[in-house]
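Here's the structure we're looking at; comments come further down.
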Amino acid sequence: MNLPEKYKKPYESKDVESIIYEKEMNSGLFNPDMLVQKFPNKYAESATWTSITPPPNANGRLHAGHALDVTLKDIIGRFKRMQGFQVLLLPGSDHAGFETQVVYEKKLEKEGRSRFGMDREQLYKEIYDFTIANKDTVTSEIKRIGASYDWSRDTFTLDEKIVSGVKNTFIKMHEDRLIYRGKRDCNWCSKHQTSLSDVETEKKEVVTTFYTFKLGDFNIATSRPETKITDKYVVVHPTDARFAKYNHGDTFEAEWVLGISTFTVIKDDSIDPEFGTGAMTITPWHSGIDFQIAKKHGLDMVQLIDDYGKFTDLAGELKGLKATTLGREKVVEILTEKGLLVGKDEKYKTIVPVCYKCETPIEPQLKDQWFVKMESLAETALQASQDGKLNFISDQYRKTYEHWMKNPIDWNISRQIVWGIQIPAWFKNKGIDSEEFYIGNAKPEGDDWIQETDTFDTWFSSGQWPVATLGFTDSEDFKRFYPTQLMETGRDLIFKWIPRMVIFGLYLAREVPFKDIYLHGMVLDPKGQKMSKSKGNVMSPIDLADEFGMDALRMALVVGSAPGNDLSLTNEKVRAYKKFVNKLWNIARFVLENTNEEDDSVIDFENVHVKNFKKIKYEITKNIENYQLHLASDEMYHYVWHEFADTVIEEFKKDMIPENKKVLRYLFKQILIIAHPFIPFVTEEIWSDFEVKNLLLVEDWE
RNA sequence: GCGCGAUUAGCUCAGUUGGUAGAGCAACUCAUUUACACUGAGAAGGUCGGGGGUUCAAGUCCCUCAUCGCGCACCA
């Protein structure tokens, strides 16, 4: 028995992990082409099995959620590869437009600089260098988790071919009349100076004062007095008897913020007579619903609040005041002095949309922006779900998905930031406010065209990810790997990402981009709270792996966490699986000490322990195939520890006859196989002491 | 306001077509150098949030209530 020296002490993950990963990666077998080339018997005729990995933002370090994400995908990928599929786990990174720019702006702020006033090219270059540097960090951290990704196909959203493909999609959509440019209300963040899509805003409950002011014969209730300065329409419900003396279009004069103004009465059934006073004035430029009413009746719209949240010239002497703070106070003061304040409720609860990054309240603004018409696209995406083409691993998310598809809101895809893919549009003469534009990759003939400065919403490019990373619809990879099998990502992306990918997949390739959708929960801290830098409760997967080993962390993330449910991560849990990994190590020592290669011969498959194992293996196989990894990992754990170690070994120990040695060796090698997807490092390391021919990575999972 | 999820052992959570409750951690007793103390053996711990219903049988299906969490929603 030449027991290798390393087994004389407990398992040391840090001595092993990077070496094993290098060994596996350098084998080339993460690449499905190499699987076919090196093991034609096993792979040449087999089906492909593909999962596109979510592009982690190339703007920071990995967090525990990423570790879960990578672990789940890698477990299934390794399992499928062992089973004999041509597995492609396709990595990529996202430039994460707005996200990254926000991070970079914070960095600039710390350095006492600002993006505003910076040269466009200079800013872009700085963020580019910053992102590339971070991308390398992120990639190396993903590798530490053990991700068996095909790095030869690694893709970045700003790679030349992705950029041109994304632009072509936009051009094609424009030709198909799915793109329009228009002055429409949009979500404006006055801090970041850009518009945002609906999914980039969050709702926040605030307690504020709800004022009622007298306006002529009407009482007007509002929580935003500052927007009322330039209002000149009073809207009531057509059948509201209280206002019967006024007809639609009647005018009257009344004292208001800036003196006596003329008001017009508008009757519209979108008004709820029960709410407030049943009458309201509208501010079309700064409110979505008011905009709809104004548009419907062809009313005037004016900009009272500028892009920085301050009053424009229209506010007269109040010009330049911050609207939501000093401006509001001033307006209330003026109306109160005039005796027009008739009531106020200081405990009024309301929901305001805020920027999801900085929590600055969104100030709706009318802006010329690029929009995608969502109705027909959403309809096909809804149909796909209803036809059962999408398999949500936890079905609760199907409802959410379908709800979103049933209520599509046109998608604002233009961002006023430099970090991203510049929209391929050109304006004539007057600059970017020009009505006349051309869409195409090249500048049109003539000198007087200037290019649009806005960039695409980052989800416009990452939404095309399954198609784009495979090289778009004409490429060989696309034909070979599309549609993919599994989309596994965080449940928080059910709106931002999943629907876009389905829509683009159907639009560009006429087929859903993936069949199974596995949405994992969020990784929470030991108290069950969301991890965040500001709370200081972030648990780094790398730090945890340094302390307990990556195999232990992988187990801790998987065991007992059902698909779609959040899990809270504790050091104790990771430590428990470190013990498990070490247990396996000790079992290996025992097997190596008591058996040798000569025992690798035919065994009696009627042996009670072998039959029992078959049963367990069948269960584990079934559970992985159904994405029930939390069950499969638990079964594996219990088999190894409480069946194999506690029962089989204890029994054989008493009577180490040749037949038992054979069974022992056989079962242990089988254990390495079933454990490998979950704990690849330690199993691969032990495997090399049993079987030097091939990596465990491609061993048969029968 | 609408929707979704959760409520199971002290803590964190499993429990996939309904069939007499499971794991890890913690705590308790014993074993004292065993392949492994990063160990082994054993015991303890739950009226599965409350109430009602369907069923031979309910943690599991239905109704209802409560508490917590999350998402969606342009009520001025």
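- Here, B:U64 and B:U12 have their C1' atoms 30 Å apart, quoted to the whole Å.
- As rounded to whole Å, 18 Å separates atom P of B:A35 from atom CD1 of A:I671.
- Note: CZ (A:R491) to P (B:C72) measures 11 Å, nearest angstrom.
- Rounded to a whole angstrom, the distance from the C1' atom of B:G45 to that of B:G52 is 30 Å.
- Of the two residues contacting RNA chain B, namely A:I409 and A:K349, the nearest-nucleotide position lying further toward the 5' end is that of A:I409.
- Residue contacts for A:S223: at a heavy-atom cut-off of 4.0 Å it reaches the sugar-phosphate backbone alone, with no base atom in range.
- Distances from the side chain of A:K653 to the nucleotides B:C38, B:C36, B:C70 place B:C36 closest.
- Distance, A:L519 CG to B:C70 C1': 14 Å, rounded to whole Å.
- B:U60 and B:A14 have their C1' atoms separated by 14 Å, with the value rounded to a whole Å.
- Ring pair A:Y637/A:Y577 is perpendicular by interplanar angle, where above 60° counts as perpendicular and below 30° as parallel.
- Shown are A:Y401, A:Y518, A:Y627; of these, the ring-ring contact (aromatic ring centres under 6.0 Å, His included) with A:F392 is made only by A:Y401.
- Using a 4.0 Å heavy-atom distance criterion, A:K228 is classed as a sugar-phosphate-only contact.
- Annotation: side chain of A:K204 is in contact with side chain of A:E359 (closest heavy-atom distance under 4.5 Å).
- For B:C65 and B:C70, the P atoms lie 22 Å apart once the distance is rounded to whole Å.
- Taking atom CD1 of residue A:I351 and atom P of nucleotide B:A76, one finds them 9 Å apart after rounding to whole Å.
- Atom CD of A:E659 has more than 12 heavy atoms from other residues, nucleotides or ligands within 6.0 Å.
- Using a 4.0 Å heavy-atom distance criterion, A:E274 is classed as making no nucleic acid contact.
- Side-chain atoms of A:E363 and A:S190 form no donor-acceptor pair, as typed in the model, at a separation below 3.5 Å.
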Take nucleotides 12-25 of chain B nucleotide by nucleotide from the 5' end and write B, S or -, depending on whether a protein heavy atom sits under 4.0 Å from the base, only from the sugar-phosphate, or from neither.
SSSSB------SSS
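- Comparing the P positions of B:C25 and B:C61 gives a spacing of 30 Å, expressed to the nearest Å.
- Other residues, nucleotides and ligands contribute at most 12 non-hydrogen atoms within 6.0 Å of the NZ atom of A:K349.
- Between B:C11 and B:G46, the distance separating the two C1' atoms is 14 Å to the nearest Å.
- Rounding to whole angstrom units, NZ of residue A:K9 and P of B:U33 are separated by 25 Å.
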Listed pairs under 3.5 Å, donor-acceptor, residues 206-220 of chain A side chains, sequence neighbours left out:
residue: A:K214; atom: NZ; partner: A:G216; partner atom: O; Å: 2.8
residue: A:D217; atom: OD2; partner: A:K245; partner atom: NZ; Å: 2.8
residue: A:D217; atom: OD2; partner: A:Y246; partner atom: OH; Å: 2.7

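- You'll find that the side chain of A:F275 is closest to B:C75, out of B:C75, B:C36, B:C74.
- Using a cutoff of 4.0 Å between basic side-chain nitrogens and carboxylate oxygens, A:D689 and A:K6 are scored as salt-bridged.
- In the interface, the side chain of A:K583 is not paired with the base of B:C38 through any donor and acceptor atom under 3.5 Å apart.
- If you check every strand for non-hydrogen atoms under 4.0 Å, A:A588 touches nothing.
- Here B:G3 presents its C1' atom at 9 Å from NZ of A:K399, a figure rounded to the nearest Å.
- The separation of B:U29 from B:U20, taken at their P atoms, amounts to 34 Å, rounded to a whole angstrom.
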Dot-bracket for RNA chain B, 5' to 3', Watson-Crick and G-U pairs with both distances under 3.5 Å, [ ] for crossing pairs, | for partner on another strand, reads (((((((..((((.....[..))))..((((.......))))......(((((..]....))))))))))))....
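- For A:F495, counting side-chain heavy atoms from C-beta on, the closest listed nucleotide (B:C72, B:A35, B:C75) is B:C72.
- A:I494 comes within contact range of no nucleotide atom at all, as no heavy-atom separation falls under 4.0 Å.
- A straight line from NZ of A:K654 to P of B:G40 spans 16 Å, rounded to a whole angstrom.
- The pair A:E625-A:K622 does not count as a salt bridge, with every side-chain nitrogen at least 4.0 angstrom from each carboxylate oxygen.
- In this structure, A:K14 does not pair ionically with A:D546, as no charged nitrogen and carboxylate oxygen lie closer than 4.0 Å.
- Nucleic acid contact for A:F668: none, since no nucleic acid atom lies under 4.0 Å from a heavy atom of the residue.
- Under the 3.5 Å distance criterion, with hydrogens and angles disregarded, a donor-acceptor pair is assigned to the side chains of A:N412 and A:S414.
- Going from the P atom of B:C48 to that of B:A58 covers 12 Å, rounded to whole Å.
- One interatomic measurement links the two molecules: CZ of A:R398 to P of B:G5, which rounds to 14 Å at whole-angstrom precision.
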